[in-house]
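Contents: one structure, followed by commentary.
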Amino acid sequence: MAELLSLEEAIAELVRDGDSVALEGFTHLIPFAAGHEIIRHERRDLTLIRMTPDLIYDQMIGAGCARKLIFSWGGNPGVGSLRRLRDAVEHDWPIPLELEEHSHAGMAARYAAGASNLPFGTLRGYVGTELLERSRDTVAEIACPFTGEAVVAVRALRPDVGIVHAQRADRQGNVQIWGIVGVQKEIVLASSRSLVTVEEVVDELEPRPGAIVLPSWAVGAVAEAPRGAHPSYAHGYYDRDNGFYQRWDEISRERESFQSWIDQNVLSGAGVA
Amino acid sequence: MAELLSLEEAIAELVRDGDSVALEGFTHLIPFAAGHEIIRHERRDLTLIRMTPDLIYDQMIGAGCARKLIFSWGGNPGVGSLRRLRDAVEHDWPIPLELEEHSHAGMAARYAAGASNLPFGTLRGYVGTELLERSRDTVAEIACPFTGEAVVAVRALRPDVGIVHAQRADRQGNVQIWGIVGVQKEIVLASSRSLVTVEEVVDELEPRPGAIVLPSWAVGAVAEAPRGAHPSYAHGYYDRDNGFYQRWDEISRERESFQSWIDQNVLSGAGVA
Amino acid sequence: MTTETEAPVSADEMMTAVAARALTDETVCFVGVGLPSTAANLARLTHAPRTVLVYESGTIGSKPRNLPLSIGDGELAETADAVVPVPEIFAYWLQGGRIDVGFLGAAQIDRLGNLNSTVIGDYERPKVRLPGGGGAPEIAAMAKEVIVMLRQSRRSFVDRLDFRSSVGYGDAPDDRKRLGMPGRGPTVVITDLGVLRPDPESRELVLTQIHPGASVEQVREQTGWPLRVSEELEETEPPSGEELRELRELRATLEAPR
Amino acid sequence: MTTETEAPVSADEMMTAVAARALTDETVCFVGVGLPSTAANLARLTHAPRTVLVYESGTIGSKPRNLPLSIGDGELAETADAVVPVPEIFAYWLQGGRIDVGFLGAAQIDRLGNLNSTVIGDYERPKVRLPGGGGAPEIAAMAKEVIVMLRQSRRSFVDRLDFRSSVGYGDAPDDRKRLGMPGRGPTVVITDLGVLRPDPESRELVLTQIHPGASVEQVREQTGWPLRVSEELEETEPPSGEELRELRELRATLEAPR
């Protein structure tokens, strides 16, 4: 049964220095509040895992939480670069950042393999690209034992901690997610420990079209975090704050402006931007 | 875009002698009407594929449609044996039946691999059982290229024709299924040609909790077949006819009683039992 | 609904009640139809209300009021916390290592708890073609532990299986480890005569419990190998009035028209 | 909403209109944000109303009224025929061979249509770290054909990519076949100056169409290899009044507060 914790308790308990941590949510339901709590807890040497690092990892990388990034597309969607990510890769600021780079299809297959307790996932991909050569530890060509055809194996991802945001949980800790469901289920099931932050805890999860439910006993902890996905969005609760994504380009441009934004909006505990 | 056809036209057009055909539906939404239409069309030498052959394949095997059966559990659920299946395997009546036998997990992985255009699926299974030895053409042990761990590869299933039953389609041929969704999506996507029989064709598919939609352009043909899953059930339309499943044990016990049931209930065109 | 509680306890009822007792609360059970489904639901309705029932049709957390005749009855979906596709139930949930207890039946069992549900006689020319493995091979491998339920006779408790559909302890005590099976294997075998458990060293099934009215001699007679009997053989507590009432009410839902 | 139709046609508008025209009706498009999404929606709102938009966030058949800024905006889910998990969109739909047209952008392209969206400079010590491959490597491999959109300059049309993120025609005309790629590869490359198409034999990109106001000289100057020009070079038809109006209305939804 999932424990109902405060966000602060949950991060303190679940995320340790040196952990591999996946905060997922494909554009939708990105767990910003949880990421900010990790910054406030000053966790270090994390291996951060996310298909699209997005602003949340730009912030965590700039704040010095990450030693390594496992990802597949590291831009600011519709806007441009992730400037803190680039500064870490191009200039080792604030510390060097090791990259493990995949395609979206590969990352999705790695998560699904992790959720399935398989050591690898299989796909047709990577062939002919330099991604294959760059990632020999986690991508390998294998032959079909029946047809001899070459396909690609990608190493399963089993993060130490998986964190997602969802719309709702009930008081028993059952979680309900609707709209774009991304890889939310896979992350919770693939990770050794898991946390779901939710917009609200309700008495009963009313069935909804397109909703999936993660049963309480498959979830580690649930923490209430209203607007916890802002500036991304929570379908049925609030829209994506496209303006903030555009402003981030300016905020994150210089180390100083970034630092002062983090100081005022994250470290002060004043809550999400 | 899916063609809207009559059931008779659809079977005439899609199912040919010698085809591999999967009529799926895991207990729920078993396409009985389509199976009966195949019997009426006197299709022969089919390779029938289904996780649970159930009464529909007992009928098709007894009627002489099948040369081979690919399956994982061949009983009458909650009742006992499939007597026509047994008669074919044990006494070659009406003709010999070749078996390709898997586990449920293996069949599900084979369908998913087919839908994914992969030559094989991967699972932990079969090891230590005689199923592995009996099915060398379709099951093989492979090693993880990263950890060296042994896992099992199962050959993908890509039936010539995939047939499922669903609750509804709209006039464009988009299909809606809810309740136990089984492997309905996988079969439609894994097969070269596909047919979805539906309880009714409606103007609009109103979203429903737990429903999935197969877009028209991913479906070959749609045919209206009210009560087309009887004696299995269609969630929201009618319940499972448990009494018929129990009576089938008697009907199918002798070749004569079976034959006369088929004559009166299928071949006469009088419709489903 | 009124149900008979004064009729004598049948063999099926004894097996079901004993199986239900083997479930502690908050256990996640992967359930097949028949006795296992009855037992898991009985546990849920008596001492283990938070037992989670997972059916291979993809329903997670089903709470049926009526016993299902098939693994995929509509009520299992209606009362479930979640319904997932069949490939997912096997990959993410069973293989993912999230099932505490798997229930299995079989036509034959051997002394190391291996099961046959495939054929009697030769595979190519069987005397009886049985339904086959279904979900059992992977349940036997992946569930954290397995409860086996079958009636005891020389035809079912055999020296040598006609076909090995599912692995108990294989051919030797450490075979599960060698085969890479994460689950512990069969921890209890419940029959109409008694209960057998694997010896902690050799993994050979040992009679540890005997039902009221059965004798050790009778159990030995119905076992196709020289049966070991525990030095601390216990007698099964008969089903209580509450167990019997709930059980008979449950079974009545199976026969009642819906 | 009123929109300007008298302003001169911008480079982005020209590219978008040309890309939209490349889509025939009932095409299933795998779409990324930015110009591709605008082009596919423009096609849907003009000559190809049954174009099916698939976004990598898992939305199938999205019919947005407002242009999405990100690949996963809520409106894409709300207006979709189906929303599926991300592993499924890549496995069953893209890899399953159900995508007719994939749209791709890039920072660099070479003469055989291979793309770089990963780094400028050395991978370990990049001058510019770009976002990376994302969905592109598998879209390039699996979509039945690929439409590439990028602005033409010596920095983008290069003799040698700094990194090969996605395969066009590899290093030789039959490389796609050798690599087991089911799709045909890039069939058209649309720039702000013109349109390039692969030579049927050598697969080298050839200038086949030039936009009004651009010259062959100018295109050659902005290409980092000796550019071949088709003997039947055509001039692009400028966007019609309807195309321009729909396009500007669409783009206005991107900037408008929601």
Side-chain angles (χ1 to χ4, degrees), chain A residues 1-3 108-122 156-159 162 164 166-178 181 183-194 196 202 204-220 222, chain C residues 23-31 40 43-44 48-56 58-63 74-102 135 137-144 179-183:
Chain A
M1 297 280 289
E3 276 187 289
R110 299 182 71 189
Y111 285 147
S116 304
N117 183 27
L118 284 174
F120 64 92
T122 312
L157 278 167
R158 308 283 322 240
V164 300
Q167 281 99 339
R168 292 179 184 166
D170 65 18
R171 295 184 201 288
Q172 286 69 52
N174 298 295
V175 170
Q176 190 183 36
I177 307 176
W178 66 89
V181 293
V183 290
Q184 311 289 83
K185 184 188 280 187
E186 283 74 17
I187 286 300
V188 168
L189 298 183
S191 300
S192 307
R193 306 188 287 281
S194 67
V196 182
V202 298
E204 196 164 351
L205 300 177
E206 193 188 321
R208 293 182 64 106
I212 61 168
V213 169
L214 295 174
S216 173
W217 52 273
V219 173
V222 168
Chain C
L23 292 176
T24 52
D25 205 6
E26 299 193 23
T27 301
V28 180
C29 302
F30 205 89
V31 185
R44 187 173 63 81
R50 283 180 298 264
T51 300
V52 177
L53 306 191
V54 178
Y55 286 82
E56 63 194 10
T59 69
I60 296 175
S62 295
K63 294 163 276 291
E75 197 174 346
L76 298 179
E78 272 160 23
T79 62
D81 295 325
V83 179
V84 303
V86 164
E88 180 182 322
I89 202 77
F90 285 104
Y92 287 6
W93 299 88
L94 177 58
Q95 185 172 271
R98 272 166 276 272
I99 304 299
D100 296 319
V101 173
E138 282 77 26
I139 294 171
M142 308 300 304
K144 287 180 195 149
L179 295 169
M181 292 180 169

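Chain naming here is simple, since letters A, B, ... match the order of the sequence lines and numbering starts at 1 in each.
- The part of C:E26 that comes within reach of chain A is its side chain, from C-beta onward, which places non-hydrogen atoms under 4.5 angstrom from that chain.
- Put simply, of A:L189, A:L214, A:L118, A:N117, the one with the most heavy-atom pairs under 4.5 Å next to chain C is A:L189.
- Between the A:S216 side chain and the A:Q172 main chain, a donor and an acceptor come within less than 3.5 Å of each other.
- The backbone N or O of A:S191 lies less than 3.5 Å from no partner atom in the side chain of A:S194, so there is not a single donor-acceptor pair.
- For a residue to count as touching a neighbouring chain, one of its non-hydrogen atoms must lie under 4.5 Å from one of that chain's; by this rule C:V83 does not touch chain A.
- Of the atoms belonging to A:A190, not a single heavy atom falls under 4.5 Å from chain C.
- Of the possible polar contacts, none joining the A:R158 side chain to the A:S192 backbone as a donor-acceptor pair under 3.5 Å is found.
- Between A:W217 and C:W93, the angle of the ring planes goes over 60°, which puts this pair in the perpendicular group of the 30/60° scheme.
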